[in-house]
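Quantities reported herein were computed from a predicted structural model and do not represent experimental measurements. Protein chains get the first letters and strands the later ones, always in sequence-line order, with residue 1 at the start of each.
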Protein chains: 2
Amino acid sequence: MPALGEIFRRYGYEGASIARITEETGLGKGSLYNFFPGGKEEMTEAVLADIHRWFEENIYRPLETQEPDAAIRQMFEGVSAYFQSGRRICLVGALALEETRNRFSAEVAHYFHRWLEALSAYFRRKGALPAQAKEIASYMIAGIQGAIIMARATNDVSQFPAILKMLEANCDKSCRA
Amino acid sequence: MPALGEIFRRYGYEGASIARITEETGLGKGSLYNFFPGGKEEMTEAVLADIHRWFEENIYRPLETQEPDAAIRQMFEGVSAYFQSGRRICLVGALALEETRNRFSAEVAHYFHRWLEALSAYFRRKGALPAQAKEIASYMIAGIQGAIIMARATNDVSQFPAILKMLEANCDKSCRA
DNA sequence: GTCTATACAGTGATAGAC
DNA sequence: GTCTATCACTGTATAGAC
C-alpha cells in the first residue's frame with residue numbers, strides 16, 4: 001500500500017499505468033484486480049484513505065490534543081519528515097492541480113478542510129479570532145504546498161526547510177500579534 | 001496558442017490527448033503535426049516558452065525596472081489576474097509536481113529561477129541582504145503556488161486573494177525589518 | 001495547409017489455467 | 001490467490017488525398 005502511494009506520487013494518476021504498478025509491486029494484473037475490482041480509481045481512493053489516516057493520527061490529532069507549542073512543532077517536523085524535505089510530493093496537492101475530471105475532488109477537499117480545521121483550532125487556542133485563525137491556517141498550508149513545488153522545480157531541496165522555517169517563525173509572530 | 005496552454009492546464013500533460021486537442025482547437029491531427037512535428041512534447045515546449053515570454057514582460061521586467069513599490073504591486077496584481085484568482089492553475093508548477101519523466105525540468109527550473117532572480121533583486125533594492133532576499137523571494141513564490149493549490153483543493157476561490165494579501169503584507173514587514 | 005484514413009504500441013480490464 | 005493470455009479501446013504518430 002505504501003508502495004502504491006509512491007507510484008502515484010512519482011508518475012501522477014494518468015502516468016501510473018497498470019503495467020508500471022505490476023512492475024513495481026511485483027503483483028500480476030489478476031492479483032491487483034482481485035484486490036481492487038474498481039481498478040486504478042479504487043487503488044487511488046485506498047491510497048488517499050491511507051494518507052488521510054496517517055495525517056489524522058500524526059498531524060491533525062496531535063494539533064488538537066497536545067499542548068500548543070509542542071503541537072505546532074510536531075506538525076512542522078512531521079510534515080518535513082513525511083515529504084522528505086520536498087523530495088517527496090504531496091499526492092493530494094498534485095491531484096488538486098491535475099484534477100482528473102474531478103474524480104477525487106471530494107477526497108481532496110476533505111483532506112485540506114480537515115487540515116484547515118485542526119490548524120485553525122491551534123491558532124484559536126493561541127488567542128486568534130476565528131476568522132483570522134482560519135486565514136492564517138490557510139496561509140500556512142499553502143506555504144507548505146508551495147515549498148514542495150519550489151524544491152522540486154528548482155532541484156534544490158534546501159528550499160523546503162528554508163521556507164518551512166520562515167513559516168514557523170511567521171506562526172509565532174501571528175500568535176503574539 | 002493560448003488555447004493550447006489552456007488545454008494543458010485543464011487536463012495536465014498526460015491527460016491532454018491529441019484527440020482532445022484537435023477537438024478544442026478545431027484543427028485536424030495533420031495540421032497539428034504540421035505546426036509541431038515533435039508532437040505533444042514540442043507543443044508543450046512552445047506553450048512553456050509562450051508563458052515565459054508573458055512573465056518576462058509582465059512580471060520579471062517590471063520587477064527589475066520599475067520603482068519598487070509599484071513593481072511589487074504590479075507583480076501581485078499581475079499574478080492574481082493571470083491565475084484568475086486561483087481558478088486557473090500554474091502549468092509550470094503543475095509540471096514540477098508531475099514531472100513527466102523530467103522531460104521539461106530544464107524549462108521548469110528556468111521559469112522559477114528567473115522569477116527568483118527578479119524578485120530577489122527587488123528585495124535587495126529594498127535593503128535586504130542577498131542571502132535573505134533570495135530566501136524571502138522563494139517564500140513568496142511558494143506562497144503564490146500554494147495559494148493556487150488551496151483555492152483549487154477547497155473549491156473556494158476566496159482563498160487565493162486572502163493568501164496573496166497576507167503575502168503582500170508580509171512583504172512590507174520583511175522590507176521594514 | 002488542412003483533412004481523412006490508418007498504423008501500431010500502449011491502455012485498463014477480464015477470463016481461465018495453475 | 002496469483003499469473004498468463006487476450007480483449008476492446010485509446011494513445012501518438014504518419015501517409016496520402018484534396
Are a donor atom and an acceptor atom from the side chains of [X] and [Y] found within less than 3.5 Å of each other?
X	Y	value
B:Y139	A:N170	yes
A:E24	A:Y11	yes
A:Q74	A:Q66	yes

Whole angstrom value for the distance that separates P of D:dT12 from CD of A:E14: 10 Å
Residues from residues 22-32 of chain B lying under 4.0 Å of DNA chain D - heavy atoms: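 Listed by number, they are B:K29.
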Contacting residues from residues 35-46 of chain A, given that a heavy atom lies under 4.0 angstrom of DNA chain D: A:F35
From [X] atom [atom1] to [Y] atom [atom2], the distance as rounded to the nearest 0.5 Å:
X	Y	atom1	atom2	result
A:M43	A:L32	CE	CG	4.5 Å
B:L116	B:L119	CG	CG	7.5 Å
B:Q84	B:I148	CD	CD1	11.0 Å

Bounds of contact between DNA chain C and chain B, in 5' to 3' order, using a heavy-atom cut-off under 4.0 Å: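 Footprint of chain B along DNA chain C, 5' to 3': C:dG1 to C:dT6.
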Which residues share a salt bridge (Lys or Arg N to Asp or Glu O under 4.0 Å) with B:E42, sequence neighbours left out: none
Pairs satisfying ring pair (Phe, Tyr, Trp, His ring centres under 6.0 Å), at least one member in residues 28-53 of chain A, at least two apart: A:H52-A:Y60, A:H52-A:H110
By ring-ring contact (aromatic ring centres under 6.0 Å, His included) - contacts of A:H113 (at least two apart):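 If we apply the ring-ring contact (aromatic ring centres under 6.0 Å, His included) test to A:H113, skipping adjacent residues, there are no hits.
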Salt bridge A:R61-A:E57, side-chain N to carboxylate O under 4.0 Å: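 Here A:R61 does not pair with A:E57 in a salt bridge, since their nearest N and O are not under 4.0 Å apart.
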